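For reference, the structure discussed in these notes is given below.
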Amino acid sequence: MSAHAENINYFKASKGFMSWLVTVDHKRIGLMYLASILLFFITGGVYAGLFRLELWGPLPGFISPDTYNHLFTMHGVIMVFLVVVPGIPGALGNFLLPLQLGAKDLAFPKLNITSLYLYWIGAVIALFSLTQGRADSGWTFYAPYSLSQNPAVLWMLVAAFILGFSSILTGLNFIVTIHKMRAPGMTWFRMPLFVWALYATGIMQVFATPVLGITLLLLLMENFFRIGIFDPALGGDPLLMQHFFWFYSHPAVYIIVVPAFGVVSELIATFSRKDIFGYKFIAFSSVAITIIGFLVWGHHMFVSGQSEVADTIFSFLTFFTAVPSAIKVFNWTTTLYQGSIKLTTPMLYALQFLFNFTIGGLTGIVLGILSVDIHLHDTYFVVSHFHYVAMGSTMIAFIGGIYYWWPKMTGRMFNETWGRLAAVLVFLGFNLTFFAQLIMGSQGSPRRYYNYLTEFQIYHQISTAGIVVLALGLFMALFNLLISLKNGAIAPQNPWGARTLEWTHAETPPVLYNFTETPVVTQGPYEYPTEKV
Amino acid sequence: METTKTFWLPEQASTFADAVDWAFGLYFWISLFFFALIIGLITYFVLRYARKRPEQMASGQMIHNTMLELSWTIIPLLIVMGLFFIGMRGYWHMRVAPSDAVTIDVVGRKWSWSFDYTQGFSNDTLVVPVHQPVRLRVTSTDVLHSFFIPAFRAKADVIPGRYHSLWFEATRTGVFPVLCTQYCGTNHSFMLSAVKVLEREEYDEWLKGAAEAAGGGGMTPAEFGATVYTKRGCNACHSPDGKPGIGPTWQGLWGKSRPLTNGSSVLADEAYIRQSILEPPTQVVAGFQPIMPPYKGIISDREIEAVIAYIQTLK
Amino acid sequence: MAEVTVPKEHEVAHHFDDLEQEFESHRLGMWLFIASEIMMFGALLVGGLLLLYKFPAAFAEGRAHLDWRLGTLNTFFLLTSGLTMALAAWHAQRSEQDKVRRNLLLSLAFATGFLIVKYFEYSAKFHHGLLPGNAFSGHGFTDPNAHVFFGFYFVATGLHVLHVLIGMGLMVWCLFVSRKVKFTRAYYTPVEQSGLYWALIDLVWIFLFPLLYLVA
Ligand code: HEA
Ligand code: HEA
Ligand code: CUA
Ligand SMILES: [Cu+2]
């Protein structure tokens, strides 16, 4: 291949539909992830919209209880396994990790496209399950309810199993890339915080996901052969299934949020032109959260009938996740001090993240308080807690990240005015939707309820009104980006004046192998000059 | 009666409620403080350090401050440790029933509750005396459920094949909702009941009356059957008047020939109905799912006879 | 595969700087994958231990229907093939292509031995109706939960056999590569990777064997 061919941008390097399907270029794979994930985000959102509409009134409305159960199950499974878990690593991580490290690609490009194909296969199976009946087990697949041999549930189990593999392979690929593919001079502490976040995430993906795999496999076996491991009617133990499930799914919540920490660190540094306060701490605390995160799964089971001693230990450990998270929040806040702050669209999302994550994290702590969780468990309070962290923090940071790197990915600038307006709508809509749920939850309104006590109607109505505003904002944000593909101004190499390699050394959009010349790194990722006064 | 409901929490009616709400309230103010602090600082910084010229750089690069970092590590750590102890104390108190508690068995099934009193009868609502520790021993006949009384701040998962327990002591009389909080299928959100807290004398009287009525005292078998129909939760799935439901209606059932899923058909007589109640999966009516819970060991012979008498009246 | 191709030197993939970076990346990747597999089998074994704890009698009765001699034979097959895989990697580093191939073939033979023994074990179980859960129709069991043992037995060994098959696939792949590329001290990645993977399969068996065949 001539040197020349390598120096044209990755869109033009090869042409045609097939060239995308067989590509091993991490940037194209990242874009395909992005498109798929957004598609499923909209799908999951439509499911939420439908059942929120049903919840406008307590009485049976336009859908039946069975349909309702089916809708929230699909919503949960899609949002978790097809949107937030693969989300930031699959889309932004794939695109940026080699660029931020100064590498030509990930360590295993073919494995990377394999991950994407596994994701697609999992997604297709999840959709195929719709033709097999109504999956209605909830995203938690608790036994023995999930052992009803409902074929749609079985297909969902298969789908989640395959998606798990996709996630493991992505994590593995990232860890190896970070260890072995850094450009000359790119020491561990010169890596952008986004890279550190992906590193921590990778560890959880590799070590926690296989346990989900075996859990789903055993559930399938139990359904087909009734082997008697989870089903009490056969002598099995339903609590064992819950332990297995949360052993994965608690770390999974950090798989979800830690990449968002990374994105937000980048946005805050860039738009306040500041070095991150306590860089090392933010880097290590992601890893610390990872490790502690493996030891707290039992906090989902305080009323499940596990031993009181186990409950106590899990509660104790749960509180330790608060400390690194608290430090991070304070570090980000302090980073703003003396900065040169510009409220661009991505920055508005970063600040929204701080607002929502503080609420989401603080509501997590109260769930860790044993006596209080007995009351709050499985109410809308929990639903609200995890939407504040998963939607309000992770997806918001994700969207902020998409806006921030959009010029790099596509070579076009988006419209700032529309972008900011949409960001404000999203903020209002989101908080309207989920703050109301916080109140009705602590008032004792259980989750997964098609029918509810009439006293909660007002909260449900506020919540349903909220999603309308939220959806409006999200669609506006999306169209703003799509329109820019055609009408947007051509993006310069470094529109934000950021200091990480993808902006300083890579063209916009980057060339096929990322850099015309391998960058040599001589300084940290956020070394901004100071204003002379 | 004045209500103790607040903006955040439902009314209080048990001895735990105070402690739980106190912990919640304490934490509420702590978190409000931190929330206000963080959002306040962010707002201030964003306004104070807004970029005025495009090329403007930061006015300082503070990246480290040991005092600050130590304080925001240690203070939250101390706070959460405090919260842990408060939660743990409250929790152990909630888990260990006092020795003078009376025990009532609770059976959860799709999608109703039954409360079995040691006096040998069962009821579809929970009736308890005020100021008396009550221990509930819960179990399920099918899938997981969870027994929740918001006003008591009491909750426990209900597990098939296992006994799990919770206790409470009601502090005031009244009627409070009982909910199922573990997802259990189609009618999870209709799996409601109530707890009725009575004065001691009223309770004793009720207990006596209920024990007699359970024997069918003073009622015709069909009348008694009608009470069994609601008490045992048959009404969750069967209608007496031809309305379609999860299970076949009982109207006109008696004496009909029933088509089964295995292709054969059976006459709906005494033996058939008894069998359908005790071991439903052995004869599943065509067009229905085999989801009716078996009542073997739960329902008494008398009750079965009464149900049969009741079904006979539904022409 | 009629025409004989002369093995060539391995070429470094485009995105790596040099052979060393490529080799180390592959090695780290394989270790991570193995760690992931260990987490999976680890969870399965925890499940098995809990079942053993819950149903000691069912496990004791079930075990009586397994032949520890066959199990030992299989342990022998696996461990020996582990050795020959290690030898293959050793020879690969010394560019002794023929010996690499011979050891790979030996490993394949032992692995096949393992599968044959498993075939006989499985078919005996099928014959006596010693099957998981619902399909269980064994006679002469006093413990009502005897089927649980066989449920676990088939899931655990089945998953293990699946790994054996994949491991054998890797050996075949190495044989294939050996026709096209020269193994050298600098490049013997396929053989070493397959060997590592095979070591995992050995390791899992070393835990499964006592749990299923021996512990009383
Ligand atoms: C992105 C996902 C995400 C994240 C990041 C978190 C973060 C946390 N979660 Fe959450 N959680 C979920 C997703 C997540 N959770 C989901 C999906 C469920 C429900 C699943 C289901 O049942 O379907 C759940 C449920 C859940 C429960 C079980 C509730 C129940 O079912 O009864 C508990 C209980 O302990 C809990 C605790 C926590 C804690 C302590 C944190 C901590 O990590 C939070 C730490 C952050 C902070 C503390 C905020 C910042 C700090 C400060 C502002 C400083 C001041 C703070 C103090 C002094 C305390 N979570
Ligand atoms: C983890 C990710 C995630 C996300 C992002 C969401 C997003 C939302 N969720 Fe969901 N939710 C879950 C995970 C998630 N949820 C889980 C795990 C459960 C539990 C399921 C169970 O019980 O088993 C649950 C349950 C759940 C319930 C409780 C149901 C019940 O218990 O009965 C409710 C109720 O209101 C709800 C609502 C919503 C709403 C309104 C949104 C909204 O935020 C959705 C907004 C999205 C849209 C409106 C689509 C439009 C999007 C675009 C146009 C793309 C924009 C793109 C760019 C800008 C680039 N969710
Ligand atoms: Cu019973 Cu939900
Ligand atoms: Cu958790």
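Keep in mind that this is a model prediction, so the values were computed, not measured. Here is the naming used below: chain letters follow the sequence lines, and residue numbers restart at 1 for every chain. Both backbone and side-chain heavy atoms feed into the values below; hydrogens, waters and symmetry mates do not.
- Contact annotation for A/V366: both backbone and side-chain heavy atoms come within less than 4.5 Å of a heavy atom of chain B.
- Of all the listed residues (A/P65, A/G444, A/G339, A/A322), the one sharing the greatest number of non-hydrogen pairs under 4.5 Å with chain B is A/G339.
- Heavy atoms of B/C180 lying under 4.5 Å from chain A belong to its backbone as well as its side chain.
- With ring centers used as reference points, A/Y450 lies 6.0 Å or more from B/W111.
- With a 4.5 angstrom heavy-atom cutoff, A/V323 touches chain B only via side-chain atoms.
- Contacts of A/L147 with chain B are absent, with no heavy-atom separation under 4.5 Å from either backbone or side chain.
- Of the two parts of B/P177, only the side chain, counted from C-beta on, holds a non-hydrogen atom closer than 4.5 Å to a non-hydrogen atom of chain A.
- Between A/T334 and B/M62, some side-chain heavy-atom pair lies under the 4.5 Å cut-off.
- Looking at heavy atoms from C-beta onward, B/Y183 lies out of side-chain contact with A/D378 at the 4.5 angstrom threshold.
- Neither the backbone nor the side chain of A/Q306 comes within less than 4.5 Å of any heavy atom of chain B.
- Heavy atoms closer than 4.5 Å to chain B are found in the backbone of A/F302, but not in its side chain.
- Neither the backbone nor the side chain of A/E527 comes within contact range of chain B, judged by heavy atoms closer than 4.5 Å.
- Looking at B/H164, the atoms closer than 4.5 Å to chain A (heavy atoms on both sides) all sit in the side chain, from C-beta outward.
- If you measure heavy-atom distances from A/V309 to chain B, the contacts under 4.5 Å come from both the backbone and the side chain.
- Heavy atoms of A/I327 lying under 4.5 Å from chain B belong to its backbone as well as its side chain.
- Only the side chain of B/E69 comes within contact range of chain A, judged by heavy atoms closer than 4.5 Å.
- Within the 4.5 angstrom heavy-atom criterion, atoms from both the backbone and the side chain of A/P529 approach chain B.
- With a 4.5 Å cut-off on non-hydrogen atoms, B/L47 does not touch chain A at all.
- Each side-chain hydrogen bond (donor to acceptor under 3.5 Å, both in side chains) pair with one or both residues in residues 354-374 of chain A, not counting sequence neighbours, appears once here: A/N356-A/N431, A/T363-A/H385.
- A distance of 11.0 Å separates CZ in B/F28 from CG in A/L362, rounded to the nearest 0.5 Å.
- Looking at A/T379, the atoms closer than 4.5 Å to chain B (heavy atoms on both sides) all sit in the side chain, from C-beta outward.
- Heavy atoms of A/A233 lying under 4.5 Å from chain B are absent altogether.
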What verdict does the ring-ring contact (aromatic ring centres under 6.0 Å, His included) test give for A/H375 and B/F148, after you've listed the backbone C-alpha separation in whole Å, the side-chain angles of each residue and the deciding distance to 0.1 Å? CA-CA 8 Å; A/H375 177 63; B/F148 181 32; 5.6 Å; yes

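- Contact annotation for B/R162: only side-chain heavy atoms (C-beta onward) come within less than 4.5 Å of a heavy atom of chain A.
- Proximity to chain B is limited to the side chain of A/D311, based on heavy atoms less than 4.5 angstrom apart.
- Contacts with chain A were tallied for B/L179, B/I63, B/T181; B/I63 has the most, counting heavy-atom pairs under 4.5 Å.
- Among the candidates B/L9, B/V20, B/D142, the residue making the largest number of heavy-atom pairs closer than 4.5 Å to chain A is B/L9.
- Counting heavy-atom pairs closer than 4.5 Å to chain B, the top residue among A/G441, A/A326, A/G305 is A/G305.
- A/F330 is listed as a side-chain neighbour of B/L37, based on a closest heavy-atom distance under 4.5 Å.
- The closest side-chain heavy-atom distance from A/Y449 to B/M191 is not below 4.5 Å.
- With a threshold of 4.5 angstrom between heavy atoms, B/M94 approaches chain A through side-chain atoms but not through N, CA, C or O.
- Contact annotation for B/I159: only side-chain heavy atoms (C-beta onward) come within less than 4.5 Å of a heavy atom of chain A.
- B/F24 and A/F381 have perpendicular rings, their planes meeting at more than 60° on a 0 to 90° scale where under 30° would count as parallel.
- When heavy atoms are compared at a cutoff of 4.5 Å, A/F357 does not approach chain B at all.
- Annotation: side-chain hydrogen bond (donor to acceptor under 3.5 Å, both in side chains) contacts involving residues 24-52 of chain B, sequence neighbours excluded, comprise A/S340-B/R51.
- Looking at B/T6, the atoms closer than 4.5 Å to chain A (heavy atoms on both sides) all sit in the backbone: N, CA, C or O.
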